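Note sheet for the following structure.
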Amino acid sequence: MPELPEVQTVVNGIKSKIKNHKVLKLKKYINKLRYPIQKDLSSKVKDCKVITVFRRAKYIIINLSNNKSLIIHLGMSGRVIIVKNNKKIYKHTHICIFFDQNLVLQFIDPRRFGNIFVTETSLLKNNKFFRDLGVEPLSGQLNFKYLSNLVQSKKSPIKNIIMNQKYIVGVGNIYASEALFLSGINPSNIGNSITKSDCIKLVKAIKFVLREAIKLGGSSINDHTMISGKMGYFQNKLKVYGREGLKCRKRTCQSPIIRIVIAQRSTFYCVRCQK
DNA sequence: CACTCTCCCTGAAAGC
DNA sequence: TGCTTTCAGGGAGAGT
């Protein structure tokens, strides 16, 4: 579930709390999330210090002092919280990482679509989960030239293209619908039919919607709560996602928002504003 | 190669 | 009220 803004919010939240702290031990309460969990996960992180915490695509990367990186993907329902003294272990807490000063990182994931593993930091870019990742949408790598060149040869709907992590990372089902609304593009439009001016608008819209969501601490829905345990506020700003039947928020429009399914995913848009 | 479909899992919400 | 069905934000791997 969590898309780029939610993952970035988690990173921002845990970074200052665990940076320079030492891992005392790691405990797992389950052997498999989306994939089997490495048997020696604990020994790979034990006694190491956290050097940096950052995000790549929808992955949280924790670089350690032994030249290894701990990678966490939240899947659909994953959460990470940092607690003091570990008084409460939640029903779906699958991993606890114990740091010095009684700090504990809990990885909570009801649906168990998450992923956690350790790899040599130097091997990360060649790792199978990382080697095919596309450009970071908030970097200069996502620009008009990149997008227009990308869509030119594509025969799939524009929504699929911008959600495909091979091309652009971090954009998931919510922000894809939102960015397409902001740029006035129908999500079903085929890549090679997207005009130059649409590309300019779409690049701007993707960056805008992701930045706004990060500012508001990610848009959490249902069970996804922020690092502090507080929900994000961007969900109140959603223009189309989850608003089937409600009026388009563009003042001059007011048409009902439509829900369709593209590639087995709910897609929301305004028939009048998005051509 | 490009693209679509299925499936992993639990729980919330809707339907009856 | 309670039981059953539907649906959920990701994405790898199989299938076309």
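The structure displayed is predicted, hence computed values, not measured ones. Chain naming here is simple, since letters A, B, ... match the order of the sequence lines and numbering starts at 1 in each.
Aromatic stacking is marked for Phe113(A) over dG10(C), as both cut-offs hold: 5.5 Å for the centres and 30° for the planes.
For Lys207(A), the NZ atom sits in a packed shell: over 12 heavy atoms of surrounding residues, nucleotides or ligands are nearer than 6.0 Å. In this structure, Lys84(A) places its NZ atom where more than 12 heavy-atom neighbours from other residues, nucleotides or ligands lie under 6.0 Å away. Within 6.0 Å of atom CG in Asn126(A), more than 12 heavy atoms from other residues, nucleotides or ligands are found, so the atom counts as buried in its surroundings.
The shortest distance between the side-chain N/O atoms of Arg79(A) and the OP1/OP2 oxygens of dG9(C) is not below 4.0 Å.
The distance from atom CG of Asn164(A) to atom P of dA12(C) is 10 Å, rounded to the nearest whole Å. Straight-line distance from the CE atom of Met76(A) to the P atom of dT6(B): 16 Å, rounded to whole Å. In this structure, Glu244(A) places its CD atom 11 Å from P of dC7(C), rounding to the nearest Å. For the pair Tyr167(A) OH and dA2(B) P, the computed distance is 6 Å after rounding to whole Å. The CZ-P distance, from Arg265(A) to dC7(B), rounds to 14 Å in whole Å. The distance from atom CE of Met163(A) to atom P of dA8(C) is 12 Å, rounded to the nearest whole Å. Taking atom CZ of residue Phe130(A) and atom P of nucleotide dG11(C), one finds them 11 Å apart after rounding to whole Å.
Between Arg55(A) and Glu136(A), at least one side-chain nitrogen of the basic residue sits less than 4.0 Å from a carboxylate oxygen of the acidic one, meeting the salt-bridge criterion.
Note on Asp109(A): nothing from the nucleic acid sits closer than 4.0 angstrom, heavy atoms only. Among the atoms of the strands shown, none is found under 4.0 Å from any heavy atom of Lys166(A). If you check every strand for non-hydrogen atoms under 4.0 Å, Arg34(A) touches a base.
Geometrically, Lys44(A) does not engage Phe117(A) in a cation-pi contact defined by less than 6.0 Å to the ring centre and at most 45° from the axis.
When distances run from any side-chain atom of Pro157(A) to the nucleotides dC3(B), dG9(C), dT4(B), the shortest one goes to dT4(B). Residue Lys128(A) has its side chain nearest to dG13(C) when only dC3(B), dG9(C), dG13(C) are considered. Considering only the side chain of Gln264(A), dC5(B) comes nearest among dC5(B), dT4(B), dG10(C). Comparing atom distances between the His92(A) side chain and each of dG11(B), dA12(C), dT4(B) picks out dG11(B) as nearest. Closest to the side chain of Lys58(A), out of dG9(C), dT4(B), dG10(C), is dG10(C).
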Given Watson-Crick or G-U pairs with both distances under 3.5 Å, what dot-bracket string fits DNA chain B, with | for other-strand pairs and [ ] for crossing? .|||||||.|||||||
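For the pair Lys91(A) and Ser156(A), nearest-nucleotide mapping onto DNA chain B gives the more 5' position to Ser156(A).
The shortest side-chain heavy-atom distance between Ile190(A) and Ser156(A) does not fall under the 4.5 Å cut-off.
Arg111(A) contributes a side-chain N or O that forms a donor-acceptor pair with the base of dA8(C) under 3.5 Å. Residue Arg112(A) places no side-chain atom within donor-acceptor reach of the base of dC9(B), judged by atom type and a 3.5 Å distance cut-off alone.
Separating the P atom of dC3(C) from that of dC9(B) is a span of 25 Å, rounded to the nearest Å. With both ends at atom P, the span from dA12(C) to dG11(B) equals 25 Å, rounded to whole Å. Rounded to the nearest Å, the gap between the P atom of dT6(C) and that of dT6(B) is 16 Å. Remark: the separation of the P atoms in dA12(B) and dG11(C) is 23 Å, to the nearest Å.
Of the options Phe234(A), Phe181(A), Phe208(A), a ring pair (Phe, Tyr, Trp, His ring centres under 6.0 Å) to Tyr175(A) is made by Phe234(A) and by none of the others.
In this pair, His21(A) and Phe99(A) present their aromatic rings perpendicular. The plane angle is above 60°, beyond the 30 to 60° band.
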Yes or no on ring-ring contact (aromatic ring centres under 6.0 Å, His included) for Tyr59(A) and His73(A), after CA distance, side-chain angles and deciding distance? CA-CA 5 Å; Tyr59(A) 292 89; His73(A) 192 291; 4.7 Å; yes
